[in-house]
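What follows is a set of notes on a single structure, which appears directly below.
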There are 2 protein chains.
Amino acid sequence: MAESRTQQLGFICGLDAALRVVGGKWKPLILHFLYSESKRYGELKRCVTGVSDKMLSQQLKDLESHGVVSRTDHNEIPPRVDYALTPLGRSLAETLVPLCEWGEQHQEMIASSV
Amino acid sequence: MAESRTQQLGFICGLDAALRVVGGKWKPLILHFLYSESKRYGELKRCVTGVSDKMLSQQLKDLESHGVVSRTDHNEIPPRVDYALTPLGRSLAETLVPLCEWGEQHQEMIASSV
DNA sequence: CTGAATCCGACTTGATACTG
DNA sequence: CAGTATCAAGTCGGATTCAG
């Protein structure tokens with residue numbers, strides 16, 4: 001009964017593993033918007049329309065704990081905190097690009113079938 | 001103030017639109033397992049380890065309403081129902097492949113940072 | 001065998017107010 | 001500006017029951 005290493009680690013497959021990191025309502029969008037450039041908290045919040053402070057900081061914390069996002073607190077007054085993708089996060093954000101393009105191509109259909 | 005069509009349709013960006021379809025705990029996995037071949041309900045349930053009947057049928061219905069999965073009820077006794085990807089669903093499932101590969105490559109790290 | 005329907009608790013998300 | 005605290009609302013997901 002050879003079991004793949006993926007399953008030994010508790011994942012159904014690689015996709016399942018990846019979803020542990022990007023699974024969450026806002027995480028893919030956060031990665032996507034950090035992909036172009038690192039951003040301050042407020043900038044990010046304006047990009048990810050509709051997210052609340054609570055969710056944004058919580059999901060950023062999750063992403064940071066998985067090592068895909070880095071947080072830099074400049075300890076200034078007024079506060080300044082930058083969020084950026086780590087190299088790992090950058091590689092992850094790249095995998096989201098095809099999904100993003102698919103969404104652009106089919107958005108009319110998606111909008112009409114809600 | 002020119003607003004992109006994406007925003008007119010109520011989406012932040014293409015990724016946001018795509019997430020309306022695959023956003024959900026099990027939907028990406030369902031698409032992934034249907035990608036190799038169409039499956040009966042029971043087969044699918046065995047693939048997507050841990051999913052309950054309720055969630056599986058609910059999420060299949062969602063996917064069907066978005067036109068990415070097709071349901072074929074053979075109206076037989078005992079019941080036989082097949083699920084398959086539509087061409088649209090196939091194109092969507094393809095965009096998940098890079099994410100799946102990323103997960104395979106980094107699964108040790110993911111498993112350790114929970 | 002393939003589901004739909006219902007109940008219920010746990011967890012997630014959201015709105016608002018507040019702090020350094 | 002960058003969050004935290006609190007409470008309310010919504011969603012998830014399991015167990016059970018039922019139907020064809």
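Basis for what follows: all heavy atoms, side chains included, without hydrogens, waters or symmetry-related copies. Residue numbering restarts at 1 for every chain, and letters A, B, ... go by the order of the sequence lines. Every value quoted in this text rests on a predicted model; they were computed, and no experiment measured them.
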When you measure from the side chain of [X], which nucleotide among [options] comes out closest?
{"X": "B/Val81", "options": "C/dT2, C/dT13, D/dG3", "result": "C/dT2"}
{"X": "B/Lys25", "options": "D/dG13, C/dG20, C/dC1", "result": "D/dG13"}
{"X": "B/Ser57", "options": "D/dG3, D/dC1, C/dG3", "result": "C/dG3"}

Under-4.0 Å side-chain N/O to phosphate OP1/OP2 contact, [X] with [N]:
{"X": "B/Tyr83", "N": "C/dG3", "result": "yes"}
{"X": "B/Ser52", "N": "D/dG13", "result": "no"}
{"X": "B/Trp26", "N": "D/dT11", "result": "no"}
{"X": "B/Arg71", "N": "C/dG3", "result": "yes"}
{"X": "A/Arg40", "N": "D/dA2", "result": "yes"}

Check nucleotides 5-12 of chain C against the protein and report each pair of N or O atoms closer than 3.5 Å, with its distance, or say if there are none.
from: C/dC7; atom 1: N4; to: B/Lys54; atom 2: NZ; distance (Å): 3.3

Send over the distance from [X] [atom1] to [N] [atom2], rounded to a whole Å.
{"X": "B/Asn75", "N": "C/dG3", "atom1": "CG", "atom2": "P", "value": "11 Å"}
{"X": "B/Asp53", "N": "D/dG20", "atom1": "CG", "atom2": "C1'", "value": "16 Å"}
{"X": "A/Asp62", "N": "C/dT13", "atom1": "CG", "atom2": "P", "value": "9 Å"}
{"X": "A/Leu56", "N": "C/dA15", "atom1": "CG", "atom2": "P", "value": "14 Å"}
{"X": "A/Leu60", "N": "D/dG3", "atom1": "CG", "atom2": "P", "value": "8 Å"}
{"X": "B/Arg80", "N": "D/dG20", "atom1": "CZ", "atom2": "C1'", "value": "17 Å"}
{"X": "B/His74", "N": "C/dG3", "atom1": "NE2", "atom2": "P", "value": "10 Å"}
{"X": "B/Lys39", "N": "C/dC1", "atom1": "NZ", "atom2": "P", "value": "18 Å"}

Going by the side chain to side chain contact (heavy atoms under 4.5 Å, CB included) test, name the single residue among A/Asp16, A/Val68, A/Val21 that passes it with B/Ile110. A/Val21

Would you say the side-chain atoms of A/Tyr41 and A/Asp53 include a donor-acceptor pair closer than 3.5 Å? yes

Both A/Val51 and A/Pro79 contact DNA chain C. Which one's nearest nucleotide lies toward the 5' end? A/Val51

If you measure from the Lys or Arg side-chain nitrogens to the Asp or Glu carboxylate oxygens, is any gap between A/Lys45 and A/Glu43 under 4.0 Å? no

Lys/Arg-Asp/Glu bridge criterion (N-O < 4.0 Å) met for B/Lys27, B/Asp62: yes

Interatomic distance, B/Asp82 atom CG to B/Thr72 atom OG1 [nearest 0.5 angstrom]: 6.0 Å

What is the distance from atom CZ of A/Phe11 to atom OG1 of A/Thr6, rounded to the nearest 0.5 Å? 8.5 Å

With a 4.0 Å cut-off on heavy atoms, is B/Gly24 in touch with a base, just the backbone sugar-phosphate, or nothing at all? nothing

Donor-acceptor pair, distance only, cut-off 3.5 Å: does the side chain of B/Gln107 make one with the backbone of B/Glu104? yes

Is the backbone N or O of A/Tyr83 less than 3.5 Å from a side-chain atom of A/Lys39, with the two atoms forming a donor-acceptor pair by type? no

